[in-house]
Amino acid sequence: MQVTGKKIVVLATGGTIAGTAAAATDNIGYTAAQLGVQELVAAIPALASVPLETEQVAQVDSKDMSFEIWRELALRVGHWLAQDDVGGVVITHGTDTLEETAYFLQAVLAPAKPVVLTCAMRPATALLADGPQNLLDAIAVAGTPGASGVVAVCAGVVHGALDVAKQHTYRLDAFSSGDAGPIGFVEEGRLRLLRDWPMPDEHAAGALKNFVDADRWPRVEIVMNHAGAGAAVVAALMAHGVDGLVVAGTGNGTLHHGLEAALCQAQAQGVKVVRSTRCAQGRVLAKPDDNLPDSRGLSPVKARIALILELLSDA
Ligand code: ASP
């Protein structure tokens, strides 16, 4: 393994990588978030010679990821990255919301050192569990000289936080970086770098402070355009009280006229509205006569996080 020689810290949050099933042949009927971080590391003999520190930050199925956990996770990552003898941080995480946590951490930390999320599509008890190899690869990436920013490693592919998205419900290589393509590949413990790492950003510190100190996080909901869409969902959310809305439009962010009218009304009433697309590939391209701003290339779930952070900075 190619490593900087500095310590790598493994922070665990749960997920399928820490999941167990009653039978080794069962890849889907398992319970996520059962094994502790020590057990995950102990399952990989090759790590015995790597200087590691471990910490259990949470133990959840990432479908249940919460802002409280994000706050704790961001603080713990920040704590460890600030230590001179730490070269990088690896986070074990469920696949379901991994792209959201990755985007959030890049937005609030934009670290100069690497923060590598990793995961598994099969539980630790599976006949051919993918978690140990993914964790080993993630530690190799976190120890690679010159690595920086928040990335995700799954099935030997390194994805940037801005681009990574879960694209498959079942296959081991479940993530894609879409048009951007991967940052690189991990091959036998060595990184083959294809493009630049996510960039450090000095504005991230302000976003972290806003998120950590918030008395209440803004409520931003996602609505979707589809055949037969209309105003009802937006009207219900407005009645319930929302601070922002992201719409997953069809195609190039197009909206059913009934839904668009409701969203424009919400915008006129002071609710921030952002228009993304439900397409897995591509980005919404703005037109001069658009009524609603586009998500600047962000998927609906990432646009929601960006809007929450924007609302916190406006507060
Ligand atoms: N539901 C699991 C989770 O996100 C799925 C996984 O990790 O693959 O925690």
Side-chain angles (χ1 to χ4, degrees), residues 10-44 54-74 76-77 89-106 115-139 141-142 150-159 161 163-178 182 186 222 280 299-302 304-305:
V10 182
L11 303 180
T13 69
T16 298
I17 191 167
T20 57
T25 47
D26 192 350
N27 291 323
I28 56 169
Y30 60 86
T31 308
Q34 298 301 299
L35 303 180
V37 63
Q38 304 279 8
E39 291 167 283
L40 302 187
V41 168
I44 310 171
T54 61
E55 188 176 313
Q56 192 78 42
V57 175
Q59 187 65 302
V60 292
D61 185 316
S62 81
K63 71 181 176 57
D64 299 319
M65 188 48 66
S66 67
F67 290 175
E68 286 79 8
I69 295 175
W70 275 2
R71 170 157 56 188
E72 180 64 12
L73 185 60
R76 294 315 293 159
V77 173
V89 168
V90 167
I91 300 170
T92 58
H93 198 289
T95 58
D96 288 347
T97 57
L98 181 144
E99 70 214 61
E100 295 177 54
T101 301
Y103 179 81
F104 166 73
L105 290 176
Q106 178 63 25
V115 173
V116 186
L117 285 98
T118 195
C119 56
M121 288 297 286
R122 292 181 183 160
T125 47
L127 222 43
L128 264 179
D130 53 331
Q133 184 68 55
N134 285 344
L135 180 54
L136 187 65
D137 288 350
I139 289 169
V141 172
V150 181
V151 300
V153 169
C154 183
V157 187
V158 186
H159 303 275
D163 308 302
V164 65
K166 188 173 179 182
Q167 299 277 286
H168 204 282
T169 56
Y170 183 73
R171 285 187 205 139
L172 303 190
D173 191 4
F175 289 88
S176 166
S177 290
V186 190
I222 299 173
S299 65
V301 291
K302 291 180 182 178
R304 173 175 174 264
I305 298 164

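Remember, it's a predicted structure, so these values are computed and weren't measured experimentally. Just follow the structure's listing: the first ligand is 1, and inside any ligand the first atom is 1.
Annotation for Thr92 and Ala12: closest pair OG1-CA, 3.1 Å, computed over non-hydrogen atoms. Here the shortest heavy-atom pairing between Ser177 and His159 reads OG-ND1, 2.7 Å. Nearest heavy atom pair, residue Cys154 against residue Asp173, reads O-OD1, 4.4 Å.
With respect to Leu117, the side chain to side chain contact (heavy atoms under 4.5 Å, CB included) criterion is satisfied by exactly one of Asn134, Ile91, Val151: Ile91. Exactly one of Thr97, Thr13, Ile305 qualifies for a side chain to side chain contact (heavy atoms under 4.5 Å, CB included) with Trp70. That residue is Ile305.
Although no hydrogens or angles enter the test, the distance criterion places no donor-acceptor pair under 3.5 Å between the side chain of Gln34 and the main chain of Gln59.
Every protein residue with a heavy atom nearer than 4.0 Å to ligand 1 is included here: Gly15, Thr16, Tyr30, Asp61, Ser62, Gly94, Thr95, Asp96, Ala120.
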